[in-house]
Amino acid sequence: MLKIYNSLTNKKETFTPIKANKIRMYVCGMTVYDYCHLGHARVMIAFDVVYRYLISQGYDVNYVRNITDIDDKIIQRANENGENFQALTERFIDAMHEDERALGVKPPSAEPKATDNIEEIINMITTLIDKGIAYQGDSGDVYYAVAKFADYGKLSGRNLDDLRAGDRVAVNTDKNDPFDFVLWKMAKENEPYWESPWGKGRPGWHIECSAMATKILGNHFDIHGGGHDLQFPHHENEIAQSEACTGEHFANYWMHNGFIRIDEEKMSKSLGNFFTIREVLEKYKAEEIRYFMLTSQYRSPLNYSTEQLDAAGASLDRLYTAMRGLKLGTAPKNSSYETHFINAMNDDFNTPEALSALFDLARDINIARDSKDHKKTSELGALLLELANGIGLLEGDIEAWFKGVNTEGELSNGAVDALVQQRLNAKTDKDWSLADKIRDDLQEQGISLEDSGAETIWRRT
RNA sequence: GGCUGAGUAGCAAAGAGGUUAUGCUGCGGUUUGCAAAACCGCCUAGCCCGGUUCGAUUCCGGGCUCAGCCUCCA
């Protein structure tokens with residue numbers, strides 16, 4: 001029985017879909033004005049794991065993740081570059097998709113863009129104005145009157161009085177209340193715009209998610225996710241907009257992933273302490289990044305460090321080593337390993353615990369292999385692969401994991417194989433000094449040999 | 001100041017009111033021509049102070065420290 005920690009109630013709750021077997025999930029995606037960083041990778045991977053796991057449990061999942069392709073930062077960046085904002089966003093959407101493919105993130109069922117849904121956004125704002133919840137200020141901008149929504153603050157566990165006590169919001173005399181937020185923003189000179197009943201302008205950030213989620217998933221759906229920093233005000237505002245507009249409950253379960261940190265401080269664009277996904281991919285394999293993310297539960301903060309990325313590689317080596325050279329059989333059903341794994345994942349997607357089930361399996365595969373129990377080895381191997389694949393691990397070619405692609409200046413795989421064969425001949429002749437010399441020479445070039453019986457396998461280190 | 005979370009061994013990170021988490025690292029052993037890999041064993045724990053309990057790292061209360069949100073942010 002799946003339990004999900006619901007930010008709305010701050011409790012783990014048993015997950016019950018609105019329609020049996022059909023799950024509708026919306027996740028706030030990226031604002032595309034720059035390359036994605038590791039923090040974005042965490043959202044991608046966290047919800048990729050949720051998506052994959054729900055599918056593996058037999059659910060039909062409609063997973064929507066939006067793309068914010070119009071906002072102040074995009075306009076600003078486009079102006080700095082002296083380019084059209086669409087040229088900018090298209091470029092970074094492509095880059096984002098490239099990063100996702102590299103990380104083995106499954107594409108969502110739909111990736112709506114704000115600029116493709118202006119009509120729905122305008123309709124929603126119109127309804128809010130008609131209901132007396134939104135109003136137009138003297139500047140022409142349209143605002144949402146938070147005081148008109150009784151439940152305002154229910155997601156983030158605060159109320160307007162708490163917020164006012166914070167006293168950190170700049171006074172904007174155009175608004176009736178400093179906490180009112182913008183739904184439609186008037187275009188300034190040379191800014192991109194769309195026609196609307198209130199004049200030429202563009203949508204505010206919050207309204208696009210309400211409009212797109214409702215359009216694709218309906219007024220009331222199962223899961224809404226995103227980074228923890230979006231809980232307030234973004235998600236709070238989405239609830240206010242959607243529920244005021246439709247009169248229905250918006251999303252049942254709210255999931256928020258924790259941050260990637262650098263030196264125990266949040267990684268973010270504004271702090272400038274970030275590493276882009278592509279930057280890290282130059283030094284580490286995509287699977288190492290994914291494994292690193294999965295070593296902590298998705299809600300916990302995760303401190304970035306090269307030591308942990310290196311450790312991730314070593315851990316994956318262990319799993320791949322267990323799988324190496326196996327003939328796969330049929331995975332057993334309802335084994336204790338699988339139960340352990342499923343129970344962990346059912347407990348709010350506890351990937352660290354699920355990984356421990358994978359290592360139990362790896363150890364028992366190694367034991368079975370050592371004792372020449374071929375049937376058991378092949379069955380457990382199939383199970384390990386199946387479970388690991390469920391969270392996006394061990395999907396790569398096993399030999400390729402160890403041998404990689406030889407880069408310039410390195411020995412080719414064929415050259416290594418030839419030397420390994422020479423060494424095998426030397427071993428047959430009991431010429432240990434030659435055999436050891438070949439092995440030592442290879443070791444110096446980053447090739448590590450392992451003898452197993454009459455065979456020798458190798459890996460790049 | 002208000003609202004959330006978190007504090008576990010060398011590093012990372014989980015569960016469970018009493019019974020080995022797990023991975024990486026280190027040490028010892030088995031295995032190996034020697035190695036490597038593998039297997040077995042071991043070393044490092046539970047921020048502080050109270051309380052509940054036969055028993056708490058786990059529950060409760062109070063501190064302390066850290067992070068996040070309250071402003072664009074995954």
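Proteins get letters first, then strands, A, B, ... in listed order; numbering begins at 1 in each.
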Asker: Taking the side chain from T428(A) and the backbone from L424(A), do they hold a donor-acceptor pair closer than 3.5 Å?
Answerer: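 At least one qualifying donor-acceptor pair exists.
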
Asker: Restricting to side chain to side chain contact (heavy atoms under 4.5 Å, CB included), what partner residues turn up for A114(A), sequence neighbours left out?
Answerer: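 A114(A): side chain to side chain contact (heavy atoms under 4.5 Å, CB included) contacts with D69(A), I70(A), E208(A), M212(A).
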
Asker: Within the structure shown, what part of the strands sits under 4.0 Å from G153(A) by heavy-atom distance: base, sugar-phosphate, or nothing?
Answerer: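 Result for G153(A) = nothing.
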
Asker: List the steps and the verdict of ring-ring contact (aromatic ring centres under 6.0 Å, His included) for F15(A) and Y253(A).
Answerer: CA-CA 8 Å; F15(A) 176 73; Y253(A) 303 87; 5.0 Å; yes

Asker: Relative to each other, are the rings of F221(A) and Y26(A) parallel, tilted or perpendicular (30° and 60° limits)?
Answerer: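 Correct class here is tilted.
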
Asker: Heavy atoms under 4.0 Å, any strand shown: does Y33(A) hit a base, just sugar-phosphate, or nothing?
Answerer: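 Y33(A): no heavy atom of the nucleic acid under 4.0 Å.
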
Asker: Could you run down nucleotides 32-39 of chain B 5' to 3' and tag each one B, S or - for protein heavy-atom contact under 4.0 Å?
Answerer: -BBBBSSS

Asker: To the nearest angstrom, how far is D229(A) atom CG from rA67(B) atom C1'?
Answerer: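 Distance, rounded to whole Å: 13 Å.
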
Asker: Mind checking side chain to side chain contact (heavy atoms under 4.5 Å, CB included) for N346(A) and listing every partner two or more places apart, or none if nothing turns up?
Answerer: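 L2(A), Y53(A), I342(A).
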
Asker: Which residues, if any, of residues 94-111 of chain A bring a heavy atom under 4.0 Å of RNA chain B?
Answerer: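 Result for residues 94-111 of chain A: none.
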
Asker: Below 4.0 angstrom, which residues in residues 233-243 of chain A have at least one non-hydrogen atom near RNA chain B?
Answerer: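 Going residue by residue through residues 233-243 of chain A, none turns out to have a heavy atom under 4.0 Å of RNA chain B.
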
Asker: How close or far is atom C1' of rC69(B) from atom CG of N10(A), stated in whole angstroms?
Answerer: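 Those two atoms, CG and C1', are 13 Å apart.
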
Asker: For residues 363-372 of chain A, which residue pairs qualify under salt bridge (Lys or Arg N to Asp or Glu O under 4.0 Å), counting only residues two or more places apart or in two chains?
Answerer: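 Every salt bridge (Lys or Arg N to Asp or Glu O under 4.0 Å) pair that includes a residue of residues 363-372 of chain A, provided the two are not neighbours, is D360(A)-R363(A).
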
Asker: For D99(A), enumerate each residue passing the side chain to side chain contact (heavy atoms under 4.5 Å, CB included) test, keeping only those at least two apart in sequence or located in another chain.
Answerer: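 Side chain to side chain contact (heavy atoms under 4.5 Å, CB included) check on D99(A) returns C36(A), I277(A), R278(A).
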
Asker: Could you please name the partner base of rC42(B), counting Watson-Crick and G-U wobble pairs only when both distances are under 3.5 Å?
Answerer: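 Pairing partner: rG26(B).
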
Asker: Please tell me if Y291(A) has a side-chain N or O lying less than 4.0 Å from either OP1 or OP2 of rG23(B).
Answerer: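 For Y291(A), the contact criterion (side-chain N or O under 4.0 Å from OP1 or OP2 of rG23(B)) is not met.
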
Asker: Just name whichever nucleotide pairs with rA67(B), Watson-Crick or G-U, keeping both distances under 3.5 Å, else none.
Answerer: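 For rA67(B), the partner nucleotide comes out as rU4(B), under the 3.5 Å rule.
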
Asker: For the pair made of CG in L230(A) and C1' in rG68(B), what is the distance, rounded to whole Å?
Answerer: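 Whole-Å distance recorded here is 12 Å.
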
Asker: Any side-chain donor-acceptor pair under 3.5 Å between Y284(A) and D310(A)?
Answerer: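 Short answer, yes.
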
Asker: To the nearest angstrom, how far is E353(A) atom CD from rA13(B) atom P?
Answerer: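 Rounded to whole Å, this separation is 15 Å.
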
Asker: Hunt down the Watson-Crick or G-U wobble partner of rA13(B), both distances under 3.5 Å, from any strand shown, or write none.
Answerer: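 Paired with no nucleotide.
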
Asker: Extract all donor-acceptor atom pairs below 3.5 Å that involve side chains of residues 437-445 of chain A and protein atoms in other chains or at least two apart in sequence.
Answerer:
from: K437(A); atom 1: NZ; to: D441(A); atom 2: OD2; distance (Å): 2.8

Asker: Using a cut-off of strictly less than 4.0 Å, decide whether T351(A) has a side-chain nitrogen or oxygen near OP1 or OP2 of rA13(B).
Answerer: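 False: T351(A) side-chain N/O out of range (4.0 Å or more) of rA13(B) OP1/OP2.
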
Asker: Taking CZ from R202(A) and C1' from rC72(B), how many angstroms apart are they, rounded to a whole number?
Answerer: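 Answer to the nearest Å: 13 Å.
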
Asker: More 5' along RNA chain B: L302(A) or L355(A), using each one's nearest nucleotide?
Answerer: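 Whichever sits nearer the 5' end wins; that is L302(A).
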
Asker: Would you indicate what I457(A) reaches in the nucleic acid, counting non-hydrogen atoms under 4.0 angstrom: base, sugar-phosphate, or nothing?
Answerer: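 No contact.
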
Asker: Pairs under 3.5 angstrom, nitrogen or oxygen only, protein versus nucleotides 25-29 of chain B, please.
Answerer:
none

Asker: Rounded to whole Å, how long is the line connecting atom CZ of F179(A) with atom P of rC69(B)?
Answerer: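 That distance rounds to 16 Å.
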
Asker: Counting only Watson-Crick pairs (N1-N3 plus N6-O4 or O6-N4) and G-U wobbles (N1-O2, O6-N3), all under 3.5 Å, who is the partner of rG55(B)?
Answerer: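 In the structure as shown, rG55(B) has no Watson-Crick or wobble partner.
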
Asker: For Y337(A) and rU22(B), give me the distance from atom OH to atom P, rounded to whole Å.
Answerer: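 The answer, rounded to whole Å, is 14 Å.
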
Asker: If a pair satisfies salt bridge (Lys or Arg N to Asp or Glu O under 4.0 Å) and one of its residues is in residues 286-296 of chain A, list it, with sequence neighbours excluded.
Answerer: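 Passing the test, one end in residues 286-296 of chain A: D48(A)-R290(A).
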
Asker: Give S7(A) one of three labels, base, sugar-phosphate or nothing, depending on what nucleic acid heavy atoms sit under 4.0 Å from its own.
Answerer: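 Nothing, no heavy atom under 4.0 Å.
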
Asker: K11(A) NZ to rG5(B) P: how many Å, rounded?
Answerer: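 After rounding, the gap between these two atoms is 11 Å.
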
Asker: Classify F259(A) by what it touches in the nucleic acid, base, sugar-phosphate, or nothing, heavy-atom distance under 4.0 Å.
Answerer: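 Base, at least one base atom sits under 4.0 Å.
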
Asker: Between H206(A) and F181(A), does the ring-ring contact (aromatic ring centres under 6.0 Å, His included) criterion hold? Intermediate values first, please.
Answerer: CA-CA 9 Å; H206(A) 312 298; F181(A) 56 90; 5.3 Å; yes

Asker: Let me know which of H235(A), R299(A), H224(A) forms a side chain to side chain donor-acceptor pair (under 3.5 Å) with H256(A).
Answerer: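 Among H235(A), R299(A), H224(A), the one meeting side chain to side chain donor-acceptor pair (under 3.5 Å) with H256(A) is H235(A).
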
Asker: Quick one: which residue pairs count as a ring pair (Phe, Tyr, Trp, His ring centres under 6.0 Å) with a foot in residues 287-316 of chain A, not counting sequence neighbours?
Answerer: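 Of all non-adjacent pairs touching residues 287-316 of chain A, those that pass ring pair (Phe, Tyr, Trp, His ring centres under 6.0 Å) are F275(A)-Y304(A).
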
Asker: Relative to each other, are the rings of F250(A) and W254(A) parallel, tilted or perpendicular (30° and 60° limits)?
Answerer: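 Plane angle between 30° and 60°, so tilted.
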
Asker: Counting only heavy atoms and a strict 4.0 angstrom limit, can you tell me which residues of residues 264-277 of chain A come near RNA chain B?
Answerer: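 Residues of residues 264-277 of chain A that come under 4.0 Å of RNA chain B are, in numerical order, E264(A), E265(A), K266(A), M267(A), S268(A), S270(A).
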
Asker: With both distances under 3.5 angstrom, what nucleotide forms a Watson-Crick or G-U wobble pair with rA37(B)?
Answerer: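 Pairing partner: none.
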
